[in-house]
Amino acid sequence: MMFKKAGILLILTLTLFSCKKDKPFVPNYANGLPGLWAQLDDFPGVGRVRSSGFTIGGKGYILGGNAASGFNSQLINDFWEYDPKTDKWTRKADYPGQAGEYVKGFGINNKGYVGTGFGKRLATPGDDIPQNNDFWEYNPANDKWTRKADFAGGKRENVIAFEINGIGYMGLGTNNDYTGNFKDFWKYDANADKWTRVADYPGTGSFGVAAFASNGKGYAGLGGASPSIAEKDFWQYDPIADKWDKKADFPGKGRAFSGQFTIGNSGYVGFGSTLTATANDWYAYDTASNNWSKITNFTGPIRYDLVSFGIDGIGYIGTGNPGLLKDFWKYTPRKTN
């Protein structure tokens with residue numbers, strides 16, 4: 001089977017070219033494309049793969065992952081906060097949940113909500129399934145975790161998750177041997193601590209799917225499916241109509257385990273594992289025009305199983321496979337004051 005945790009794909013290595021953090025904005029006209037990638041200080045935790053990245057307010061967060069390479073397992077549950085105003089990381093209270101890899105979540109009203117994922121850090125008598133359904137709330141005001149209602153879809157890993165107008169959405173994913181192509185989709189009301197099933201995802205991929213939200217709509221596509229399929233179809237979810245609509249296919253090669261973030265009306269998707277290689281390209285999706293366009297080539301190591309999120313008009317990516325990366329980068333789509 002082509003996909004299993006790390007993608008089981010060709011490892012490519014590029015030379016890392018340094019890029020000063022404070023250099024002026026200079027679009028990469030060499031390839032005629034907009035935007036600038038700039039390297040920031042390295043993530044201070046250990047190098048890792050399959051971590052979770054999300055935002056709460058104007059800060060980014062990285063949770064857990066695997067600190068061992070290949071099929072080895074060294075699950076970690078450390079939790080870090082990134083302040084883009086100071087370019088500084090601060091370690092916060094460790095994640096108390098079971099999983100280490102592929103924990104997913106979203107931010108709602110200045111709190112974080114995460115759960116599911118792979119790994120059993122704490123022994124549970126009579127339960128040898130390495131996937132999880134536990135779900136947790138993080139309050140940055142007091143650096144505390146609180147257990148919430150378990151994810152109602154059951155135990156799984158590699159789900160998608162995003163927030164729309166104060167409601168969280170989570171679903172898809174797979175089982176331990178990656179034969180479970182789950183398509184169910186759920187919304188989470190944080191005030192009521194309640195899960196409700198909504199319209200199933202009609203796309204082909206189920207794990208390693210790229211997903212983001214913009215302007216009151218959710219977007220999902222690409223991803224893997226059993227047996228050994230890398231997809232490029234792309235869909236929009238309307239929470240008011242509870243309906244998925246087909247959108248323009250992703251223009252690059254089909255892939256799973258990509259990075260993604262939102263800036264304004266556009267979602268950005270790139271890197272990931274194709275059926276034969278680690279992808280090196282990034283594309284912007286304009287939600288208003290339903291068009292994809294290629295953006296500036298990335299100048300660092302290409303990767304999959306990375307962390308990615310957007311804050312105040314800037315995209316951020318880091319960590320990932322291959323090689324337990326810990327470098328951290330930002331993408332500026334246009335000149336900013």
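All values below were derived from every heavy atom in this structure, side-chain atoms included, with hydrogens, water molecules and symmetry-related copies excluded.
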OG1 on Thr146 to CZ on Phe135, rounded to 0.5 Å: 12.0 Å
Check: Gln260 side chain, Thr262 main-chain N or O, donor-acceptor pair, under 3.5 Å: no
Note: Arg303-Asp327 ion pair, threshold 4.0 Å (strictly below): yes
Steps toward side chain to side chain contact (heavy atoms under 4.5 Å, CB included) verdict (Gln131, Thr116): CA-CA 7 Å; Gln131 282 69 39; Thr116 69; over 6 Å; no
Minimum heavy-atom distance Asp193-Ala149, with the two atoms named: OD1-N, 3.0 Å
From Thr204 atom OG1 to Lys232 atom NZ, the distance as rounded to the nearest 0.5 Å: 12.5 Å
Other residues, nucleotides, ligands: >12 heavy atoms within 6.0 Å of Lys148 NZ: yes
From Lys92 atom NZ to Ile62 atom CD1, the distance as rounded to the nearest 0.5 Å: 14.5 Å
Exercise: identify the closest heavy-atom pair between Tyr219 and Tyr285: CE2-CE2, 3.8 Å
Smallest separation among heavy atoms of Ser51 and Val307, with atom names: CB-CG2, 3.6 Å
Validation row: Thr296, Leu36 side chains within 4.5 angstrom (heavy atoms): no
Atom NZ of Lys194: over 12 foreign heavy atoms under 6.0 Å: no
Side-chain H-bond candidate by donor/acceptor type, Asn66 with Glu101, under 3.5 Å: yes
Spacing of Lys88 atom NZ and Asp83 atom CG [to the nearest 0.5 Å]: 10.5 Å
Donor-acceptor contact below 3.5 Å, side chain Asn132 vs main chain Gly117: yes
Whether Tyr283 and Trp292 hold their rings parallel, tilted or perpendicular, with breakpoints at 30° and 60°: perpendicular
Side-chain donor or acceptor of Asn133 paired with backbone N/O of Arg156 under 3.5 Å: no
Geometric class of the Phe257/Tyr304 ring pair [parallel <30°, tilted 30-60°, perpendicular >60°]: tilted
Non-neighbouring partners of Tyr113 that pass ring-ring contact (aromatic ring centres under 6.0 Å, His included), sequence neighbours left out: Tyr188
Check: Val159 and Leu172 side chains under 4.5 Å, non-hydrogen atoms: no
Ring center gap for Trp145 and Tyr95 short of 6.0 angstrom: yes
Phe79-Tyr138 aromatic ring centre distance below 6.0 Å: yes
Salt bridge Lys243-Asp245, side-chain N to carboxylate O under 4.0 Å: yes
Residues that Lys253 engages under salt bridge (Lys or Arg N to Asp or Glu O under 4.0 Å), provided they are two or more places apart: none
Asn175 side chain to Thr179 backbone, donor-acceptor under 3.5 Å: yes
Glu157 and Tyr178: side chain donor to acceptor below 3.5 Å: yes
Partner set under salt bridge (Lys or Arg N to Asp or Glu O under 4.0 Å) for Asp94, not counting sequence neighbours: Arg91
Salt bridge (Lys or Arg N to Asp or Glu O under 4.0 Å): pairs with one or both residues in residues 195-222, sequence neighbours excluded: Arg197-Asp200
Qualifying side chain to side chain donor-acceptor pair (under 3.5 Å) pairs, either residue in residues 71-81, two or more places apart: Arg48-Asp78, Tyr61-Glu81, Asp78-Trp80
Any donor-acceptor pair under 3.5 Å from Thr174 side chain to Gly180 backbone: yes
Under 4.5 Å side-chain linkage, directly or through intermediates, the cluster mates of Ile76: Val46
Interatomic distance, Leu306 atom CG to Thr319 atom OG1 [nearest 0.5 angstrom]: 6.5 Å
More than 12 heavy atoms of other groups within 6.0 Å of Asn109 CG: no
Non-neighbouring partners of Phe106 that pass ring-ring contact (aromatic ring centres under 6.0 Å, His included), sequence neighbours left out: none
Validation row: Pro202, Lys183 side chains within 4.5 angstrom (heavy atoms): no
Derivation and outcome, side chain to side chain contact (heavy atoms under 4.5 Å, CB included), residues Val103 and Val114: CA-CA 7 Å; Val103 179; Val114 299; 3.9 Å; yes
Listed partners of Phe261 passing ring-ring contact (aromatic ring centres under 6.0 Å, His included), at least two apart: Tyr268, Trp282
Value rounded to 0.5 Å, distance of CH2 in Trp186 from CH2 in Trp195: 9.5 Å
Which atom of Gly221 lies closest to which atom of Val209, heavy atoms considered: O-CG1, 3.2 Å
Donor-acceptor contact below 3.5 Å, side chain Asp189 vs main chain Asn191: yes
Parallel, tilted or perpendicular: rings of Tyr237 and Trp244 (30°, 60°): tilted
Side chains of Tyr201 and Phe182 in contact at under 4.5 Å (non-hydrogen atoms): no
With sequence neighbours excluded, residues passing side-chain contact (heavy atoms from CB on, under 4.5 Å) with Tyr316: Leu40, Tyr82, Pro84, Phe309, Ile311, Ile314, Phe328, Lys330
Side-chain heavy atoms of Ile263 within contact of Tyr331, under 4.5 Å: yes
Salt bridge (Lys or Arg N to Asp or Glu O under 4.0 Å) contacts in which one or both residues fall within residues 269-289, not counting sequence neighbours: Arg255-Asp281
Residues Asn265, Asn215; criterion side chain to side chain contact (heavy atoms under 4.5 Å, CB included); working and verdict: CA-CA 7 Å; Asn265 294 327; Asn215 291 332; 2.4 Å; yes
Any residue meeting salt bridge (Lys or Arg N to Asp or Glu O under 4.0 Å) with Lys155, in chain and number order, not counting sequence neighbours: Asp127
Sidechain N-carboxylate O distance under 4.0 Å for Asp305, Arg50: yes
Pro322 versus Ile302, closest heavy-atom pair with distance: CD-O, 3.8 Å
Full working for side chain to side chain contact (heavy atoms under 4.5 Å, CB included) between Trp37 and Ile295: CA-CA 10 Å; Trp37 290 100; Ile295 67 170; 4.1 Å; yes
By salt bridge (Lys or Arg N to Asp or Glu O under 4.0 Å) - contacts of Lys111 (at least two apart): Glu137
Which atom of Ser258 lies closest to which atom of Gly270, heavy atoms considered: CB-O, 3.4 Å
Expected output: side-chain Ser214 to main-chain Gly264 donor-acceptor under 3.5 Å: yes
Asn158 side chain to Lys104 side chain, donor-acceptor N/O pair below 3.5 angstrom: no
